[in-house]
Amino acid sequence: KNIVKFSLVAICSLVLAAGCIKETFPQSGTATASQVAAAPGAFDGFVDAITSRLAGYPTYGGGTDANDFGITRFFIAWDSMGQDIVQPALTNGWFNSWYCIDHLGPTWANSQYAWTLYYKHIKSCNDVISLAGEEPDSDKIVGAGIARFYRAYWYLDLAQMFATKPCYLDPSAETVPLVLETSVVDSLANNPRATNEKIYAQIISDLDKAETYLAGYTRADKYLPDVSCVYGLKARAYLLMGDWQKARDYAKKAQAGYSIMNEDQ
């Protein structure tokens, strides 16, 4: 009888205690997006991640290739593909394959650099845009503006590299798949290439918001965009779209407050 009485008391005590337990969500090793957004300093950390590894950081992590050092390696690659840098095929330079266009097929790592690097940075921008929301709070406006600017920048580069025809010649030509903060992971395996028209519409949309969010913002260093950078990128986008008047107007806006270097400089 005593054992039964003790058991009943224990069960009742557990039930009462359970009613007083403060529930936590979730109880797993993964934090939810809302938890991350609410963590002190988390949002600023995500914003910093957008620009912390722009240059000097290897795409594949190992750092074994001499032409794998972030976005700046593409500046050299593009020059090599044009007429600014001459690298004869017989020399064993790291960028001669770009100049000769003989190592850019699907089986070569050169073709993977752009996808791996650019979409990694786009993911960082998407994270910030998602955390900031469609109507960012005052403490998140600048971060959202930086993310919108850089996402436009990455897609503008990708569109030029992979478009089957330039936008001003054929708005319906294919570019690259769009991956946004609203994209569902399960759908990415069936995410066709966006047309010039669609990807440039997204670029301008992001830059419009960046222009609003960064109004009055003074950047701390050259890696962070201010509104003049937004104007400059808009000028480039409209130029590629064939909207010559808007390209000129935004180029003039971008130039405001700056002076051309003199010969000594």
Side-chain angles (χ1 to χ4, degrees), residues 26 29-63 65 68-76 112-158 176 178-183 185 188 202-234 236-237 254 257-258:
T30 304
T32 63
S34 60
Q35 285 179 316
V36 172
F43 181 78
D44 292 337
F46 276 92
V47 175
D48 291 341
I50 292 176
T51 58
S52 64
R53 293 179 172 179
L54 289 178
Y57 184 76
T59 305
Y60 290 111
D65 289 351
D68 186 12
F69 45 87
I71 180 61
T72 44
R73 60 94 62 207
F74 281 97
F75 301 158
I76 299 175
Q112 293 296 321
Y113 281 126
W115 292 95
T116 306
L117 178 75
Y118 276 71
Y119 279 101
K120 185 183 295 183
H121 284 296
I122 288 169
K123 171 66 165 57
S124 295
C125 295
N126 286 342
D127 288 341
V128 171
I129 293 169
S130 178
L131 290 173
E134 281 298 315
E135 299 293 334
D137 294 333
S138 58
D139 61 335
K140 293 183 174 64
I141 285 180
V142 169
I146 293 170
R148 294 278 182 179
F149 170 87
Y150 266 108
R151 186 167 73 176
Y153 172 82
W154 298 121
Y155 276 124
L156 191 63
D157 272 3
L158 284 172
V176 296
L178 274 173
V179 180
L180 306 175
E181 79 280 5
T182 54
S183 299
V185 175
L188 296 183
Q202 182 60 53
I203 288 167
I204 295 299
S205 174
D206 277 341
L207 290 176
D208 284 342
K209 290 182 179 180
E211 184 177 350
T212 300
Y213 296 161
L214 297 176
Y217 167 68
T218 301
R219 57 181 179 167
D221 57 55
K222 64 183 179 181
Y223 295 107
L224 297 170
D226 61 10
V227 73
S228 71
C229 299
V230 178
Y231 294 151
L233 203 60
K234 270 191 171 183
R236 290 176 56 190
Y258 295 92

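This structure is a prediction, so every number in the text was calculated from the model and none was measured. Worth knowing before you read on, the calculation uses all heavy atoms, side chains too, and leaves out hydrogens, waters and symmetry mates.
Taking CG from Asp48 and CG from Leu224, the interatomic distance works out to 8.0 Å, rounded to the nearest 0.5 Å. Remark: Leu117 CG to Arg53 CZ distance equals 12.0 Å, nearest 0.5 Å. Separation of atoms OH (Tyr57) and NE2 (His121) is listed at 9.5 Å; rounding is to 0.5 Å. Atom NZ of Lys209 is separated from atom CD1 of Ile204 by 13.5 Å, given to the nearest 0.5 angstrom. With values rounded to the nearest 0.5 angstrom, Ile141 atom CD1 is found 9.5 Å from Thr212 atom OG1. Separating the OH atom in Tyr155 from the OH atom in Tyr119 is a distance of 5.0 Å, to the nearest 0.5 Å.
Across Lys140 and Ala132, no two heavy atoms sit closer than the pair CD-CA, 4.0 Å. The shortest non-hydrogen separation linking Ile203 to Ala237 is CG2-CB, 4.2 Å.
Legend: residues meeting ring-ring contact (aromatic ring centres under 6.0 Å, His included) with Tyr223, ordered by chain and number and at least two apart, are absent. Taking the side chain to side chain donor-acceptor pair (under 3.5 Å) definition, one finds that Arg219 meets it with nothing, sequence neighbours left out.
Judged by distance alone, with hydrogens and angles left aside, the side-chain atoms of Ser183 form a donor-acceptor pair with the main-chain N or O of Leu180 at under 3.5 Å. A distance-only check finds a donor-acceptor pair linking the side chain of Asp226 to the backbone of Ser228 [under 3.5 Å]. Side-chain N or O atoms of Asn126 include none that pairs as donor or acceptor with a backbone N or O of Ile129 at under 3.5 Å.
A salt bridge links Asp208 and Lys234; the closest N-O separation between the charged side-chain nitrogens and carboxylate oxygens is under 4.0 Å.
Within the 4.5 Å cutoff, side-chain heavy atoms of Leu158 are placed close to those of Ile122. When side chains are defined from C-beta on, Gln202 counts as touching Asp206, because their heavy atoms get closer than 4.5 Å. When side chains are defined from C-beta on, Ile146 does not count as touching Val128, because their heavy atoms never get closer than 4.5 Å. The shortest distance between side-chain heavy atoms of Leu207 and Phe149 falls below 4.5 Å.
No more than 12 heavy-atom neighbours from other residues, nucleotides or ligands sit within 6.0 angstrom of NZ on Lys123.
Classification of the Tyr150-Tyr153 ring pair by plane angle, with boundaries at 30° and 60°, yields perpendicular.
Of the residues listed (Phe69, Tyr118, Tyr113), the one engaging Phe74 in a ring pair (Phe, Tyr, Trp, His ring centres under 6.0 Å) is Tyr118, and it is the only one.
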